Amino acid sequence: MTKSARFPGRVALTLLAGAAFTFGPAAAVAQQKPPAAGADLRPVFATVPDIVEGKRVAEVSCSRCHGATGVSATAGVPHIAAQRSPYLYTQLRAYLQGARPQSAMTGAVKFLSDDALVKVAAYYGSLDPAKAAPAPKPAPKAAAQKDPVQAGRAAAESCGGCHGDNGVSKTPGSPSLVGLDPKYLVAAINAYKSGQRKDETMKALVAGLSDADMGSVALYYALQKPARAGTPAAGDAAAGKKAAGACAGCHGDTGVASDPANPSLAGQDAQYLATATQAYKVGTRKDETMKSMVAALDDAAIRNIAAFYAAQQPQAPKVRRPVSLAELTERCDRCHGINGNSIDPMVPAIAAQRADWLEQVLNTYHTGSRKSTAMAAMTSVLSEGEIKELAIHYSRQTARAVTFIPLPSK
């Protein structure tokens with residue numbers, strides 16, 4: 001018997017459908033009778049000759065992509081050594097039945113019988129797992145990673161004098177910073193930094209901010225409780241509501257924009273709004289769309305529109321507080337096992353899996369091109385950076401072989 005198909009006795013952690021489920025070396029456990037043919041757990045009850053036959057089939061149909069021992073050396077192709085055999089079987093059958101999209105896998109399994117799929121899955125489930133990807137060497141004197149919200153709060157300390165402690169202005173002429181989408185606020189800060197928006201005080205204040213600093217400041221303000229600016233409004237809000245009809249397309253009916261590229265105006269300081277509108281009208285702020293929209297407004301109409309928006313209730317943008325890697329992995333481990341070592345035969349192990357494959361799969365669930373209600377819910381809130389971080393994390397975890405003791409040959 002080959003090393004990859006060895007079966008020493010093991011201690012059972014779980015008895016599933018009468019099968020001995022084991023994890024780590026120890027004493028042998030007796031097997032029960034297999035279930036009826038066609039059940040998803042058939043690979044659990046494979047015999048030693050079945051696994052030997054599975055190896056023969058795998059060498060012809062699978063090894064070219066997945067490697068001779070189930071450890072892939074090809075980008076975008078997963079390791080399948082030591083994968084949970086019932087999970088492998090269900091996925092192979094899904095390719096055979098067309099339940100998964102057409103791919104090289106479709107061609108690889110199209111001529112295989114269901115019995116052959118069982119044996120191949122049992123064979124790969126019997127192999128030693130891939131080794132974890134090496135962790136990067138820590139950079140010398142590496143700074144501890146800061147929470148971006150706390151970093152934003154620290155970076156925004158100098159902003160409070162004009163914009164309010166929590167981004168709610170109490171100074172006429174200074175805008176509130178709450179209720180703004182981070183993408184818009186970052187763009188506005190960059191406009192002051194580059195000189196596109198003319199304000200020497202603002203230019204000096206933001207000159208030293210890095211991209212990370214600006215992102216953290218914008219995130220901090222986006223997560224603060226929105227409130228109307230505590231400043232007076234000189235115009236007629238009722239008249240402003242009528243005059244603001246043309247603004248709703250970009251800024252929303254009540255000043256709450258749906259497009260991150262456009263600022264929300266609800267609850268904004270009226271004097272600031274009027275000054276900014278005048279700047280677009282005369283061209284000191286460059287935006288051809290805004291210039292054409294406000295060109296016909298007189299001073300009274302501008303004040304009235306500003307008063308209308310100042311009286312509206314601002315709303316928090318749809319931004320969530322960042323989740324730490326530890327919090328994300330705790331969620332993943334609920335199904336995939338501690339450090340990605342699944343003990344559920346129908347849930348794949350992801351420890352020591354290729355990072356590029358994990359990232360690719362997470363993105364397919366995120367976009368909905370691969371269907372799973374649970375995975376769609378888990379990935380829908382993940383950012384591109386979080387997906388990449390999770391993939392790298394699990395690729396560096398040590399994989400633990402979990403096998404089902406094969407039945408002896410008859």
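Computed from a predicted model, the values in this text were never measured in an experiment.
- Environment of CG in L325: crowded, with over 12 heavy atoms of neighbouring residues, nucleotides or ligands closer than 6.0 Å.
- Distance OG1/T379 to CG/L328: 11.5 Å, rounded to 0.5 Å.
- Smallest separation of non-hydrogen atoms from P129 and A401: CD-CB, 3.9 Å.
- Residues Q268 and P175 form a side-chain contact, since some pair of their non-hydrogen atoms from C-beta on lies under 4.5 Å apart.
- For D269 and T231, the side-chain atoms include at least one donor-acceptor pair closer than 3.5 Å.
- The shortest side-chain heavy-atom distance between Y221 and S176 does not fall under the 4.5 Å cut-off.
- Using modelled atom types, one side-chain atom of S169 and one backbone atom of S174 make a donor-acceptor pair closer than 3.5 Å.
- No donor-acceptor pair under 3.5 Å is formed between the side chain of H251 and the backbone N or O of N262.
- Between the side chain of S61 and the backbone N or O of A58, no donor-acceptor pair lies under 3.5 Å.
- Under 3.5 Å, the side chains of D213 and S210 contain a donor-acceptor pair of N or O atoms.
- In this structure a side-chain-to-backbone donor-acceptor pair under 3.5 Å is missing from N304 to G235.
- Using a 4.5 Å heavy-atom threshold, the side chains of R285 and M290 count as separate.
- Salt bridge status for K119 with D115: present, with a side-chain N to carboxylate O gap under 4.0 Å.
- Around atom CD of Q360, more than 12 heavy atoms belonging to other residues, nucleotides or ligands sit under 6.0 Å away.
- Counted by atom type alone, D259 and Y184 present zero donor-acceptor pairs between their side chains at under 3.5 Å.
- The two residues R303 and A234 have their closest heavy-atom pair at CD-CB, 4.4 Å.
- Residues satisfying the side chain to side chain contact (heavy atoms under 4.5 Å, CB included) test with L96, not counting sequence neighbours, are V109, L117.
- The distance from the OG atom of S292 to the NZ atom of K281 is 13.0 Å, given to the nearest 0.5 Å.
- The distance from the CG atom of L265 to the SG atom of C247 is 7.5 Å, given to the nearest 0.5 Å.
- Rounding to the nearest 0.5 angstrom, the gap separating the CD atom in Q91 from the CD atom in Q83 is 9.0 Å.
- Listed here is the closest heavy atom pair of S342 and C335: OG-O, 4.3 Å.
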Decide yes or no on side-chain hydrogen bond (donor to acceptor under 3.5 Å, both in side chains) for Y89 and D114, but give the supporting numbers first. CA-CA 9 Å; Y89 169 57; D114 191 75; 2.8 Å; yes
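- With R84 contributing its side chain and A82 its backbone, the two residues share a donor-acceptor pair below 3.5 Å.
- The two atoms that bring V44 and S85 nearest to each other are N-OG, 4.4 Å, heavy atoms only.
- Counting non-hydrogen atoms of neighbouring residues, nucleotides and ligands closer than 6.0 angstrom, the CG atom of D298 exceeds 12 such neighbours.
- With a 4.5 Å cut-off on side-chain heavy atoms, L177 and L185 count as touching.
- Atoms OG and CD, on S264 and Q312 in that order, are 12.0 Å from each other to the nearest 0.5 Å.
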Applying side chain to side chain contact (heavy atoms under 4.5 Å, CB included), run through L219 and V319 and close with a yes or a no. CA-CA 8 Å; L219 179 63; V319 177; 3.4 Å; yes
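- No more than 12 heavy-atom neighbours from other residues, nucleotides or ligands sit within 6.0 angstrom of CD on E384.
- At distances below 3.5 Å, not a single donor-acceptor pair connects side-chain atoms of Q196 with backbone N or O atoms of Y192.
- Under the rule for a side chain to side chain donor-acceptor pair (under 3.5 Å), the partners of Y394 that lie at least two apart in sequence or sit in another chain are D333.
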Report the C-alpha distance between R56 and E59 in whole Å, list the side-chain angles of each, state the deciding distance to 0.1 Å, and finish with yes or no for salt bridge (charged side-chain N to carboxylate O under 4.0 Å, His left out). CA-CA 5 Å; R56 186 192 67 78; E59 287 173 345; over 6 Å; no
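- Minimum interatomic distance between A274 and A306 (heavy atoms only, all atoms of both residues): N-CB, 4.0 Å.
- Atom CZ of R321 has 12 or fewer neighbouring heavy atoms from other residues, nucleotides or ligands inside a 6.0 Å radius.
- By the 6.0 Å and 45° rule, R153 does not stack over the aromatic ring of Y220.
- A donor-acceptor contact under 3.5 angstrom links the side chains of S369 and T367, judged on distance only.
- The two residues E330 and R334 make their nearest non-hydrogen contact at OE1-NH2, 2.9 Å.
- Note on residues 176-198: no pairs pass salt bridge (Lys or Arg N to Asp or Glu O under 4.0 Å), not counting sequence neighbours.
- S72 has its side chain out of reach of W357: every pair of non-hydrogen atoms, C-beta onward, lies at least 4.5 Å apart.
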Check step by step if side chain to side chain contact (heavy atoms under 4.5 Å, CB included) holds for H336 and V347. CA-CA 6 Å; H336 292 281; V347 175; 3.5 Å; yes
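- For N166 (side chain) and V168 (main-chain N/O), no donor-acceptor pair under 3.5 Å exists by modelled atom type.
- For CG of D165, the number of neighbouring non-hydrogen atoms (other residues, nucleotides, ligands) closer than 6.0 Å is 12 at most.
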Kindly determine whether T398 and N339 satisfy side chain to side chain contact (heavy atoms under 4.5 Å, CB included), including the steps that lead there. CA-CA 8 Å; T398 300; N339 297 324; over 6 Å; no
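- Between P317 and L180 there is no side-chain heavy-atom pair separated by less than 4.5 Å.
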Kindly determine whether M375 and L362 satisfy side chain to side chain contact (heavy atoms under 4.5 Å, CB included), including the steps that lead there. CA-CA 8 Å; M375 285 300 297; L362 286 170; 3.9 Å; yes
Stepwise salt bridge (charged side-chain N to carboxylate O under 4.0 Å, His left out) test for R320 and E386: CA-CA 13 Å; R320 67 176 174 87; E386 286 168 337; 2.3 Å; yes
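- If you take OG1 on T74 and NE2 on H79, they are separated by 10.0 Å, rounding to the nearest 0.5 Å.
- Q150 places no side-chain N or O within donor-acceptor distance of the main-chain N or O of D147, the cut-off being under 3.5 Å.
- Side-chain contact check for Y87 versus M346: every heavy-atom pair is 4.5 Å or farther apart.
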Criterion side-chain hydrogen bond (donor to acceptor under 3.5 Å, both in side chains) on Q278 and T275, from CA distance to verdict: CA-CA 5 Å; Q278 288 283 7; T275 301; over 6 Å; no
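- By the 4.5 Å heavy-atom criterion applied to side chains, L358 and I350 are counted as neighbours.
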